[in-house]
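A short worksheet on the structure shown next.
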Amino acid sequence: MKNCVKALVIMLFFSGLVPMATNANEVVSEATNWEEQAVRSLTYKGKRLTLSDRGGFRETEKKPLCVRLNNYGCVKQGDAPWNGSDGRRDSKGHAVFNDPGYSVRAVVRDYCTKHKGGIRSAVELANAYSPWCDTLGSIAVYKGWGRSCSDYPKPPSGFAGPFCKRPNGEPTEKQCASCNCPNRLAKQWLSGFERDGNTPSPYYDLMLFDSSGKPDEAAFTILLKNKMRIELGGFEPTDAIIERGISLAGVCR
């Protein structure tokens with residue numbers, strides 16, 4: 001019976017009656033429409049972007065990787081592809097989105113999963129996205145420091161260190177210039193973030209979802225602007241694209 005069903009699906013596919021994804025797990029270097037999407041959805045140091053005749057933007061020569069991927073949260077592609085990506089990824093595993101609104105959706109949905117798993121403070125979230133073990137940019141060795149994460153890329157055999165890892169006490173300036181320092185990153189994410197008139201501790205439950213699972217749009221807007229501005233090297237998502245992504249994400253259940 002299973003073979004009959006399989007044969008029927010194949011027959012319908014080749015007849016054109018059943019479409020099948022052809023680019024699942026496709027590896028690409030950038031989204032084809034990233035410049036146009038960036039002009040609509042990003043600012044740079046407070047300025048709206050305009051396209052340059054030479055490619056890129058008049059306001060800056062920067063072309064960060066995650067801007068070119070329409071992936072403003074720099075999220076990785078998992079076993080189940082993110083909505084809006086069709087399964088496409090770059091060589092490092094980052095998802096490549098057709099519309100950056102879906103990259104905002106991906107971050108909100110991922111925060112939902114982490115929220116349900118008990119990860120709710122800025123420090124916990126920062127460590128989940130930018131763990132101590134990783135270098136800035138996920139490069140095997142960056143400015144003399146090596147990754148100690150279990151995944152690839154890894155430093156070459158025989159690399160003697162130093163390695164990126166959680167320190168005893170405060171990290172040094174050299175470590176944070178080469179490696180992720182989520183305790184410092186969390187404080188940057190909280191710039192302008194208030195609860196009851198005060199900036200919460202990085203170890204405070206951010207309460208990003210209410211009791212029904214509805215996202216707190218104001219809180220998410222501040223948090224995501226801060227997070228993405230850092231990841232995108234000064235590019236910042238507009239309120240409109242964040243609002244669209246939160247709407248696409250729906251309720252956290």
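This is a predicted model, so every value here is computed, not measured.
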### Task
Under the side chain to side chain contact (heavy atoms under 4.5 Å, CB included) rule, what do Leu185 and Ile230 come out as? Steps first, then yes or no, please.
CA-CA 9 Å; Leu185 185 60; Ile230 295 167; 3.8 Å; yes

### Task
Go through the steps to decide whether Cys133 and Arg147 satisfy the test side chain to side chain contact (heavy atoms under 4.5 Å, CB included), and finish with yes or no.
CA-CA 6 Å; Cys133 63; Arg147 293 180 86 243; 5.7 Å; no

### Message
Would you say the rings of Phe235 and Tyr44 are close, in the sense that their centroids are separated by under 6.0 Å?
### Response
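That pair passes the under 6.0 Å test.
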
If you compare all heavy atoms of [X] against all heavy atoms of [Y], which two are closest, and at what distance to 0.1 Å?
X      : Y      : value
Asn98  : Gln37  : O-NE2, 3.4 Å
Ala140 : Thr135 : O-CG2, 4.4 Å
Lys174 : Trp145 : O-NE1, 3.9 Å
Gly146 : Pro155 : CA-CG, 3.9 Å
Ser138 : Pro153 : O-CG, 3.3 Å
Phe97  : Asn70  : O-ND2, 2.9 Å

Are [X] and [Y] packed together at the side-chain level, in the sense that at least one heavy-atom pair is separated by less than 4.5 angstrom?
X      : Y      : result
Val27  : Arg89  : yes
Trp132 : Cys179 : no
Leu206 : Leu190 : yes
Val75  : Ser103 : no
Asp110 : Trp82  : yes

### Query
Sequence neighbours excluded, which residues qualify as ring pair (Phe, Tyr, Trp, His ring centres under 6.0 Å) partners of Trp34?
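If we apply the ring pair (Phe, Tyr, Trp, His ring centres under 6.0 Å) test to Trp34, skipping adjacent residues, the hits are Phe57.
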
### Task
Look only at the side chain of Asn33 and the backbone of Glu36, and say whether a donor-acceptor pair between them is shorter than 3.5 Å.
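Side chain of Asn33 to backbone of Glu36: no pair is present.
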
#### Entry: By salt bridge (Lys or Arg N to Asp or Glu O under 4.0 Å) - contacts of Arg68 (at least two apart)
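Once residues adjacent in sequence are excluded, the partners of Arg68 under the salt bridge (Lys or Arg N to Asp or Glu O under 4.0 Å) criterion are Glu30.
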
### Message
List the residues meeting salt bridge (Lys or Arg N to Asp or Glu O under 4.0 Å) with Arg105, not counting sequence neighbours, and say none if there are none.
### Response
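If we apply the salt bridge (Lys or Arg N to Asp or Glu O under 4.0 Å) test to Arg105, skipping adjacent residues, there are no hits.
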
### Task
Using a cut-off of 6.0 Å, state whether more than 12 heavy atoms not belonging to Lys116 lie near its atom NZ.
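Correct, the count exceeds 12.
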
### Query
Rest of the hydrophobic cluster containing Tyr142 (Ile/Leu/Val/Met/Phe/Trp/Tyr, side-chain heavy atoms under 4.5 Å)?
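Reading the cluster by chain and number, Tyr142 sits alongside Leu136, Ile139.
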
### Task
Under 4.5 Å between side-chain heavy atoms, chaining through other members, with only Ile, Leu, Val, Met, Phe, Trp and Tyr counted: pull out the rest of the cluster around Val96, sorted by chain and number.
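Same cluster as Val96: Val28, Leu65, Leu69.
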
Anything under 3.5 Å between a donor and an acceptor, one on a side chain of residues 222-229, the other on a protein residue two or more places apart or in another chain? List them.
residue, atom, partner, partner atom, Å
Lys225, NZ, Glu236, OE2, 3.1
Lys225, NZ, Pro237, O, 2.9
Lys225, NZ, Asp239, OD1, 3.2
Asn226, OD1, Arg229, NH1, 3.2
Asn226, OD1, Arg229, NH2, 3.3
Asn226, ND2, Trp189, O, 2.7
Asn226, ND2, Ser191, O, 2.8
Asn226, ND2, Ile222, O, 3.3
Lys227, NZ, Gly73, O, 3.4
Lys227, NZ, Glu231, OE1, 3.0
Lys227, NZ, Glu231, OE2, 2.9
Arg229, NE, Glu236, OE1, 2.7
Arg229, NH2, Glu236, OE1, 2.9

[X] [atom1] to [Y] [atom2] distance, which is reported to the nearest 0.5 Å:
X      : Y      : atom1 : atom2 : result
His94  : Cys66  : NE2   : SG    : 5.0 Å
Phe193 : Asn198 : CZ    : CG    : 12.5 Å
Leu42  : Ile241 : CG    : CD1   : 8.5 Å
Asn183 : Arg166 : CG    : CZ    : 8.5 Å
Asp90  : Lys76  : CG    : NZ    : 8.0 Å
Cys252 : Lys114 : SG    : NZ    : 12.0 Å

### Task
Sequence neighbours left out, what pairs pass salt bridge (Lys or Arg N to Asp or Glu O under 4.0 Å) with at least one residue falling in residues 181-191?
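Qualifying pairs, neighbours excluded: Glu173-Arg184.
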
### Task
Would you list the pairs meeting salt bridge (Lys or Arg N to Asp or Glu O under 4.0 Å) in which at least one residue belongs to residues 240-253, sequence neighbours left out?
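Residue pairs passing salt bridge (Lys or Arg N to Asp or Glu O under 4.0 Å), neighbours aside: Asp99-Arg244.
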
### Task
Return the set of residues passing side chain to side chain contact (heavy atoms under 4.5 Å, CB included) with Tyr203 (not counting sequence neighbours), or none when no residue passes.
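Partners of Tyr203 by the side chain to side chain contact (heavy atoms under 4.5 Å, CB included) criterion, ordered by chain and then number, come out as Val123, Ser201.
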
### Message
List the residues meeting side chain to side chain contact (heavy atoms under 4.5 Å, CB included) with Ser212, not counting sequence neighbours, and say none if there are none.
### Response
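Residues passing side chain to side chain contact (heavy atoms under 4.5 Å, CB included) with Ser212: Asp210, Lys214.
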
### Message
Taking the two cysteines Cys149 and Cys164, do their sulfur (SG) atoms come closer than 2.5 angstrom to each other?
### Response
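No, no disulfide: SG-SG not under 2.5 Å.
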
Can you confirm whether the side chains of [X] and [Y] place a donor and an acceptor under 3.5 Å from each other?
X      : Y      : result
Glu124 : Ser121 : yes
Glu59  : Thr50  : yes
Asn83  : Arg109 : no

### Message
I need the full list of ring-ring contact (aromatic ring centres under 6.0 Å, His included) pairs touching residues 109-131, with sequence neighbours left out, sorted by first then second residue.
### Response
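Sorted pair list: Tyr111-Tyr129, Tyr111-Phe220, His115-Phe209.
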
### Sequence neighbours excluded - ring-ring contact (aromatic ring centres under 6.0 Å, His included) pairs with any residue from residues 150-188
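Applying ring-ring contact (aromatic ring centres under 6.0 Å, His included) to every pair that reaches into residues 150-188, excluding sequence neighbours, yields Phe159-Phe163.
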
### Message
With side chain to side chain contact (heavy atoms under 4.5 Å, CB included) as the criterion, how do Asn71 and Tyr102 come out once you've worked through the C-alpha distance, each side chain's angles and the decisive distance to 0.1 Å?
### Response
CA-CA 8 Å; Asn71 184 350; Tyr102 282 93; over 6 Å; no

### Task
Please step through side chain to side chain contact (heavy atoms under 4.5 Å, CB included) for the pair Thr221 and Glu217, ending with a clear verdict.
CA-CA 6 Å; Thr221 298; Glu217 186 172 318; 4.1 Å; yes

#### Entry: same_hphob_cluster(Ile119, Tyr204) at 4.5 Å side-chain heavy-atom cutoff
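No, Ile119 does not connect to Tyr204 through the hydrophobic network.
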
### Task
For Thr199 and Glu194, run side-chain hydrogen bond (donor to acceptor under 3.5 Å, both in side chains): C-alpha distance rounded to whole Å, both residues' side-chain angles, the deciding distance at 0.1 Å, then the answer.
CA-CA 5 Å; Thr199 300; Glu194 291 188 357; 5.5 Å; no

